[in-house]
Every structure is written in C-alpha cells, then in structure tokens.
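Written out below as structure tokens is the structure these notes cover.
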Amino acid sequence: MGSLQEPWVLENVDSKGSVRHGKTAINMSSSLLRTKSDLPLGSRVRCPMLRHFVANLHEVVLGTKLSVIFPVIPLAFVAHFYGFGSPWVFALSLLGVSALAERISFLTEQIAYYIGPTVGGLVNATCGNATELIIAIFALRQNKIDMVKYSLLGSVLSNMLLVLGASLFCGGIAHLRKGQKFNRRQAEVNCILLLLALLCHSLPLLFRMSGASAADTADPILQLSRASSVVMLIAYITYLVFQLFTHSQFFEAQEEPKDEEDGALEQGGGEGEEEEEEEAVIGFWSAFVWLVGLTALVSLLSEYLVETIEDASYSWGISVSFNSMILLPIVGNAAEHAGAIIFAFKDKLDISLGVALGSATQISMFAVPLCVIAAWIMGIDMDLNFNLLETGCLALSIIAVAFTLQDGNSHYLKGLILTLLYSVIGACFFVSKTPLSKNESPYIYIYSSL
C-alpha cells in the first residue's frame, strides 16, 4: 500500500504508519466484506495522476466482495432508458443500491481516518443510513408520503428484529455451551431513545383517535409532529454528544477474560492486534470525490426505485407496503446486516448490537424527524402518524427487544423469537393491500360518498 500514500496523506499518519480514527460498529461490520490486494492495479502506470486514479479505482470498485454486483448498475440505467419494464428497473436498481451502500460506508470510514476520532465518529453516524434518507427524499419529492413512512419504519423493524435476531441466533448456535454476553448499558441507552421515538409516533395517532373528525385534527397533528420532530433531533444531537464525548465508554466493546487455553494461544504473538490495526488506502480528497460520485449514483437509482415500486409490486402480485417495508430495507442494507451476523459468530456481540440498535436509533431519531422537517420546507404535509397497525408493530417490537436485552446475556432462543416476530410482521404486510399515496383516512371517502 506504500505506493498509494501521497505526501498530503502522510501528514495524518502516526509514527507506526497507521491512522487513528473513530470507527463505528456499522463501519466495522461492513469492513468484513472488503478484500485486500497487495498488487495495485495502477502500479505500472507511469503518469502519477493516472496511476493514483487507477489505484483508487481498484480500491473503490474491486475492494469489496460485492463487486460482482456492480454490473447491475449500468444494466439498471439501460433498463430505464430502453423501457425494459418497471420490475426489471426496480430489481436492478435495488441490487445496485445495496452494493453502493457498502461502498459509501467504506468511503466515510476512509474520511474518518483523517479528521480524527470525534468528528469521524460523527460523520460515520450521520452517513450510516444515507441510502434510506436519499430514497425518502426522492419519495417526498413525488409526494409519496406513505412510502417514506413504510421504508423508514421498515428499516427500524429490520434492524431491531431481523438483524439483531439473526445475530443473537447465529451467535448462540456458534457458542452453544459458552453463551454470550454484551454491554447492557449500550442497549439501555438505545432502548430509551427508541421509546422516546415511539412516544412521538404514538401521540399523533392517539390525537387522531380521540374522537374528533379527521378534518379537525389534521392541522393540530401536523403541528404536533413538527414540534416532536424538533425535539427528536435535539435528543439525537444530545445522544451523539453522549456517545462520542461524555460517555464513550458505554459504547466500547467489552473484552471478556480469556480462558486458560485462549490465554496460551494469545501468548503466541500479537497477530490479532495487528489485524485490527488498519491503514487508509486512499487519500482524503479522493475519498471525498468518490463519496460525492457514488452518492449521485445512489440518488439516480433511488429515483428509479421510487418511480417503479408501485408498477413492480402490481406486476409481481405483491403489496406495495411489503415491498416498501420489508424488501427495501432487507436488500438495501444486506451488506451491513451480513457483517453484524459475522461479528456475532466471532463472539463480538457488542459490535452486532451497535449495528442493529445503532441503525434503528439513527433512523427513528434522526432520519424520520429530518424527513418531517424536510417535507415542511418543501411545503408537503408529512406527520408522525404511522397509523394504528404500523405503530402497534413498532411498539411491540421495541418492548420485545427491551425485554430481550435487559439481562446482558444472550442465547439462540432470544434470537429465534425476534426473527420469528419479524416474520409474522412481514406476513402481515404481505397480505396487506394498502396502496401508496393514500394520505387521507378511508372514512373520508365513505362520508363523501354518502
């Protein structure tokens, strides 16, 4: 990697040749899917600028095990421009977004190498769910408010139940006799924030169900949602300060004392420590330029997803709510989810919890209220009323997760229960035929027909 280090890169490198930075659990999980090569693609190119570009291209495009998916990205553009049909455009765009999401995580990690642990952790936390935000913004531009709600709520449920459940189950099977432990304080902080988000979602629903007509409660619910969104953003900023500054020890993985056999192996050498110590493979400005370019690609593919999701759903005979709430979050964050499960296999459950609960907290406390504020700026009336079924699923899921993580111990049965709970919720929305863009209550149509 020495040939990749430019003079302006070495300014940020310590005496050991590595750069210290703040790594979040999300970045650590996605790093498992990356591949390393000692033969840079542009090592024989004579022109320095061209050699630097080819080397960065090698790291960004071929530096992941998901590089086999990248050919679907140009195919998605071809399918869109030549009218191959909405199902093809939707499927190809969804796969492309999944691969690009992992690369965006990689680039934000590279940037974090140079800007320090504190600011780097903030950047990682903010960009951790960039794909969900981009899809939500494009859906808002087309006034598909229900799709925004479904996709964001689906991401929260997917992280809390599917990712966490699969991690606990796989980790419990891999360590059947030993069992697994995790940092309970980290789980408590995230559960408290999720309960605050649940309260902010429940109040507009309870206000709507208080007995007044929809016309009389629409404006108060909208005002309440906007005020609650501001409160949630303030709480999220405080959470970042809590996580990165004042109580960062709560979010550090706890190392358990090794057994005597493990201790004997550990004395053999410090190979494990060297594996964890990583270096930046591309420069700061190169990572920034690539990040902007890949974000633009994600934006285009997200626009295709929003435009074709309804036609693709009708063509496949699947409800739009299922595609928005189940399929989008699972495929869009597949790389991140796989990393969390791999860490559970390696008995690093704190990192798995950081991925699952950390992402759920980011979406519920940052992405959702940010979309409400963005819709307010765009002149679109988006509130926090996610309807009775969706809010009920969120409430029961948070309660189940809180009870699961209350003792700091884990086994495969806990993971199985959470996974089965997600399966039941998925089946519920699979049979649901609620269309998108239905922003008015169905009772209005009944009354108007009378």
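Bear in mind that the values here come from a model prediction, so they are computed numbers and not experimental data.
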Roughly how far, to the nearest 0.5 Å, is the [atom2] atom of [Y] from the [atom1] atom of [X]?
| X | Y | atom1 | atom2 | result |
| --- | --- | --- | --- | --- |
| Ser158 | Tyr422 | OG | OH | 4.0 Å |
| Leu240 | Met365 | CG | CE | 10.0 Å |
| Leu384 | Cys200 | CG | SG | 7.0 Å |
| Leu294 | Thr131 | CG | OG1 | 12.5 Å |
| Asp350 | Phe182 | CG | CZ | 8.5 Å |
| Glu188 | Asn183 | CD | CG | 9.0 Å |

Check the pair Leu152 / Ser364 against side-chain contact (heavy atoms from CB on, under 4.5 Å), numbers first and verdict last.
CA-CA 8 Å; Leu152 294 178; Ser364 59; over 6 Å; no

Does the side chain of [X] reach to within under 4.5 Å of the side chain of [Y], using non-hydrogen atoms?
| X | Y | value |
| --- | --- | --- |
| His337 | Asn159 | yes |
| Tyr239 | Asn190 | yes |
| Ile237 | Phe366 | no |
| Glu307 | Gln142 | yes |
| Arg103 | Phe106 | yes |
| Trp316 | Asn323 | yes |
| Glu310 | Lys144 | yes |
| Leu140 | Met378 | yes |

For Tyr150 and Glu390, does a side-chain donor sit closer than 3.5 Å to a side-chain acceptor?
yes

Distance alone, cut at 3.5 Å: any donor-acceptor contact between the side chains of Gln180 and Asp347?
yes

Mind listing the closest non-hydrogen atom pair of [X] and [Y] along with its distance?
| X | Y | value |
| --- | --- | --- |
| Leu168 | Ser410 | CD2-OG, 3.2 Å |
| Ala139 | Val148 | CB-CG2, 3.5 Å |
| Met382 | Ile145 | CG-CG2, 3.8 Å |
| Ala400 | Thr404 | O-OG1, 2.7 Å |
| Ser302 | Ile135 | OG-CG1, 3.4 Å |
| Met160 | Leu394 | CE-CD1, 4.1 Å |

Hey, is [atom1] on [X] packed in by over 12 heavy atoms from elsewhere, all under 6.0 Å?
| X | atom1 | result |
| --- | --- | --- |
| Phe70 | CZ | yes |
| Phe242 | CZ | yes |
| Phe403 | CZ | no |
| Trp88 | CH2 | no |

Assess whether side-chain contact (heavy atoms from CB on, under 4.5 Å) is satisfied between Phe77 and Leu301, documenting all intermediate values.
CA-CA 8 Å; Phe77 291 108; Leu301 294 178; 4.3 Å; yes

So, the side chain of [X] versus the backbone of [Y]: is there a donor-acceptor pair under 3.5 Å, distance only?
| X | Y | answer |
| --- | --- | --- |
| Ser286 | Ile282 | no |
| Ser98 | Leu94 | no |
| His175 | Gly171 | yes |
| Ser352 | Ala344 | yes |
| Ser359 | Ala356 | no |

Show your reasoning for whether side-chain contact (heavy atoms from CB on, under 4.5 Å) applies to Leu357 and Val401.
CA-CA 9 Å; Leu357 292 183; Val401 170; 4.0 Å; yes

Give a yes or no on whether a salt bridge exists between Asp383 and Arg226, defined as a side-chain N under 4.0 angstrom from a carboxylate O.
no

What verdict does the salt bridge (charged side-chain N to carboxylate O under 4.0 Å, His left out) test give for Lys181 and Asp407, after you've listed the backbone C-alpha separation in whole Å, the side-chain angles of each residue and the deciding distance to 0.1 Å?
CA-CA 9 Å; Lys181 295 183 179 181; Asp407 59 351; over 6 Å; no

Val320/Tyr314 under side-chain contact (heavy atoms from CB on, under 4.5 Å): CA gap, chis, key distance, verdict:
CA-CA 8 Å; Val320 184; Tyr314 299 149; 3.9 Å; yes

Report yes if the distance between the aromatic ring centroids of Phe429 and Phe322 is under 6.0 Å, otherwise no.
no

Classify the ring geometry between Phe284 and Phe288 as parallel (under 30°), tilted (30 to 60°) or perpendicular (over 60°).
parallel

